[in-house]
Amino acid sequence: YECPNCSNLITRGSLKSGNTFGAKVFSDGKMIAPMQPDYPNLTKCQKCDTIFWLRDLSVIGKYERGTNQVEEWKHADEAKFLGIDDCYTAIRFGIAKNVKDELFIRQNIWWAYNDKIREGQEIFNDHSDELRWIENVKKLRNLLDASDINQKIMIAEINRNLGAFEASIKLIQSIDNSNLNWLKEKFLNECKRRNRWVIELD
């Protein structure tokens, strides 16, 4: 790809095949699968700091690792996932074209904070950072559709993160699907323990 602002070359990996063997799944819906890595769609040019969707750009070439390629492609920057601050910048500058885009970005902000917990770090830098997080998860919650069972679970998880345990319990108990009884039990136990934070699911 070429950066739409400065024409800097950017490369993004892709999978020929993959699987979820050894994957870890978490209560916020994120899955980390070593054999099925994820690749960014929303990224930032490392030369000019422009944020853009790779989906909106034309592919100017493809190659397989270890094969001969155009000489200048060897020096292309690898597309990286946005950090928390860049995600906020993307929202502020209207990179989200619709509700689906905004939901995607706000979910990734949520996941990025939860990644700190997954990695054993402090979740917030300071009080203002926590307030920013609260604003984001509330806006994310408002974008979700409780008629979709997966999004209903996400709403329940956000409520738990916010300490709204009774609201979380009410939503979880409203799920009528015997295949998800194990998940309901997990959520209810965490609410009873007054645990607000992301957990790994079996």
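Since this is a predicted model, take the numbers as computed values, not measurements. Because only heavy atoms are used, hydrogens play no part in the values below, and waters and symmetry mates are left out as well, while side chains stay in.
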Response to the item:
Distance col, row Asn142:CG vs Leu103:CG, nearest 0.5 angstrom, shows 11.0 Å
Worksheet item: So do Leu42 and Asp101 actually touch side chain to side chain, heavy atoms under 4.5 Å?
Response: no
Practice prompt. For the pair Arg118 (side chain) and Trp111 (backbone), establish whether a donor and an acceptor sit closer than 3.5 Å, ignoring hydrogens and angles.
Written response: yes
Practice prompt. Walk me through it: do Ser174 and Lys152 pass the test side-chain hydrogen bond (donor to acceptor under 3.5 Å, both in side chains)?
Written response: CA-CA 10 Å; Ser174 72; Lys152 177 184 281 191; 3.2 Å; yes
Discussion item. Checking ring-ring contact (aromatic ring centres under 6.0 Å, His included) between Trp197 and each of Phe26, Trp133, Trp110, Tyr113, which is the one that passes?
Written reply: Trp133
Item to complete: Count the heavy atoms of every other residue, nucleotide or ligand shown that sit under 6.0 Å from NE2 of His75, and state whether that count exceeds 12.
Response: yes
Worksheet item: So how far is it from Asp85 CG to Ile109 CD1, rounded to the nearest 0.5 Å?
Response: 9.5 Å
Worksheet item: Between Glu135 and Lys138, does a salt bridge (Lys or Arg N to Asp or Glu O under 4.0 Å) hold up when you go through it step by step?
Response: CA-CA 5 Å; Glu135 179 184 28; Lys138 285 184 175 180; over 6 Å; no
Practice prompt. With sequence neighbours left out, write down each residue that passes side chain to side chain contact (heavy atoms under 4.5 Å, CB included) with Ala167, or none if nothing qualifies.
Written response: Asn159, Ala164
Worksheet item: So does Asp56 pair up with Lys97, basic N to acidic O under 4.0 Å?
Response: no
Worksheet entry | Sub-4.5 Å side-chain heavy-atom contact between Gln107 and Met154 | yes
Considering only distance and modelled atom types, tabulate donor-acceptor pairs under 3.5 Å from the side chains of residues 46-53, sequence neighbours left out.
from, atom 1, to, atom 2, distance (Å)
Gln46, NE2, Glu78, O, 2.8
Thr50, OG1, Asn5, ND2, 3.4
Trp53, NE1, Ile95, O, 2.9

Discussion item. Please identify which of these residues, Arg160, Glu157, Glu185, meets the side chain to side chain contact (heavy atoms under 4.5 Å, CB included) condition with Glu190.
Written reply: Arg160
